[in-house]
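Basis for what follows: all heavy atoms, side chains included, without hydrogens, waters or symmetry-related copies. On a predicted model such as this, the values are computed, not experimentally measured, just so you know.
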Amino acid sequence: KAGVTQTPRYLIKTRGQQVTLSCSPISGHRSVSWYQQTPGQGLQFLFEYFSETQRNKGNFPGRFSGRQFSNSRSEMNVSTLELGDSALYLCASSLAQVGTEAFFGQGTRLTVV
Amino acid sequence: DQQVKQNSPSLSVQEGRISILNCDYTNSMFDYFLWYKKYPAEGPTFLISISSIKDKNEDGRFTVFLNKSAKHLSLHIVPSQPGDSAVYFCAASALAGNQFYFGTGTSLTVIP
């Protein structure tokens, strides 16, 4: 069974630009969550999508948005990039039921210069 | 506000000995807890979980203990192996959703 796939693995963008990250969940998983990891901050929850609807949202500004397609693939978009957005962005997929473990992709390393 | 805390940033243990990683949480609504292991430049790998109806869950060398009254959980690794060297994150969620709150991680080094 294929794992969670995130593309691209690495990305360098300039301040003010926007970026789109992609995540393909494990086959059969309908819940996709996004996390931001920065040094010293651990993993911070961005949002969760289930059946193309945002089900949960963390405390991030509106510049961070996402969507989920009918095949459960998800994209995350960050507009008007800031230097502080440099981080490892991780996608996790879960079965529909709550209270089950999440499986993570390898992440996209975003560097804003 | 950090709802899940790992107060030890690092831990060193001799190979063959027990590694004990600790985690505290503040939100009494949390009822599902997980441990993840992470290597640099990779995503976290799920290790073991426990729901609040249990106080212990075991999987091979890994055992997680939950003390609900103290809002504390711990991961025991016995025996520790050099390949266990990684950063370990604990995470918690309320059964209302798949939003996980993570600690800041503990870097475990197992010395051969």
Undergrad: Sequence neighbours left out, what pairs pass ring-ring contact (aromatic ring centres under 6.0 Å, His included) with at least one residue falling in residues 3-22 of chain B?
TA: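 Those involving residues 3-22 of chain B do not exist here.
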Undergrad: Taking atom NZ of K54(B) as the centre, does the number of heavy atoms from other residues, nucleotides or ligands within less than 6.0 Å exceed 12?
TA: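 No, not enclosed.
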Undergrad: Indicate, with yes or no, if F62(B) and F65(B) share a hydrophobic cluster defined by side-chain heavy-atom contacts under 4.5 Å among Ile, Leu, Val, Met, Phe, Trp and Tyr.
TA: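 As far as the 4.5 Å side-chain criterion goes, F62(B) and F65(B) are not connected within one cluster.
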Undergrad: Shortest non-hydrogen contact from F102(B) to F104(A)?
TA: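 Result for this residue pair: CZ-CZ, 3.6 Å.
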Undergrad: Is there a path of hydrophobic side-chain contacts, each under 4.5 Å between heavy atoms of I, L, V, M, F, W or Y residues, that connects V78(A) with L46(A)?
TA: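 Hydrophobic grouping puts V78(A) with L46(A).
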Undergrad: Let's test your reading of the structure: which of S49(B), G43(B), S51(B), G103(B) forms the most heavy-atom pairs below 4.5 Å with chain A?
TA: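 Top option by heavy-atom pairs under 4.5 Å: G43(B).
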Undergrad: Give a yes or no answer on whether the side chain of Y35(A) reaches the backbone of F100(B) with a donor-acceptor pair at less than 3.5 Å.
TA: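 It does hold such a pair.
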Undergrad: Shared ILVMFWY cluster between L75(B) and Y25(B), side chains joined below 4.5 angstrom?
TA: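 Per the 4.5 Å side-chain linkage, L75(B) and Y25(B) are co-clustered.
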Undergrad: Are L110(A) and M76(A) grouped together when hydrophobic residues (ILVMFWY) are joined by side-chain heavy atoms under 4.5 angstrom apart?
TA: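 Yes, L110(A) connects to M76(A) through the hydrophobic network.
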Undergrad: With rounding to the nearest 0.5 angstrom, report the CD to CG distance, E101(A) to L47(B).
TA: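 Interatomic distance, E101(A) CD to L47(B) CG, rounded to 0.5 Å: 11.5 Å.
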Undergrad: Do you know which of Q37(A), R9(A), Q6(A) has the most heavy-atom pairs with chain B at a distance under 4.5 angstrom?
TA: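 Top option by heavy-atom pairs under 4.5 Å: Q37(A).
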Undergrad: Between V19(A) and F60(A), is there a shared hydrophobic cluster once you connect ILVMFWY residues whose side-chain heavy atoms come closer than 4.5 Å?
TA: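 Yes; F60(A) is reachable from V19(A) via cluster members.
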Undergrad: Which heavy atom of L34(B) sits nearest to which heavy atom of A102(A), and what is that distance?
TA: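 Minimum heavy-atom contact is CD2-N, 4.4 Å.
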Undergrad: Would you mind checking which part of Y36(B) comes under 4.5 Å of any heavy atom in chain A, side chain (CB onward), backbone (N, CA, C, O), both or neither?
TA: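 Y36(B) touches chain A through side-chain heavy atoms alone.
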Undergrad: Below 4.5 Å, heavy atoms only, C-beta onward: do L88(A) and K38(B) meet side chain to side chain?
TA: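 Touching, per the 4.5 Å side-chain cut-off.
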Undergrad: Taking the side chain as every heavy atom from C-beta outward, state whether Q99(B) and E48(A) have any pair of such atoms under 4.5 Å apart.
TA: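 Not touching, per the 4.5 Å side-chain cut-off.
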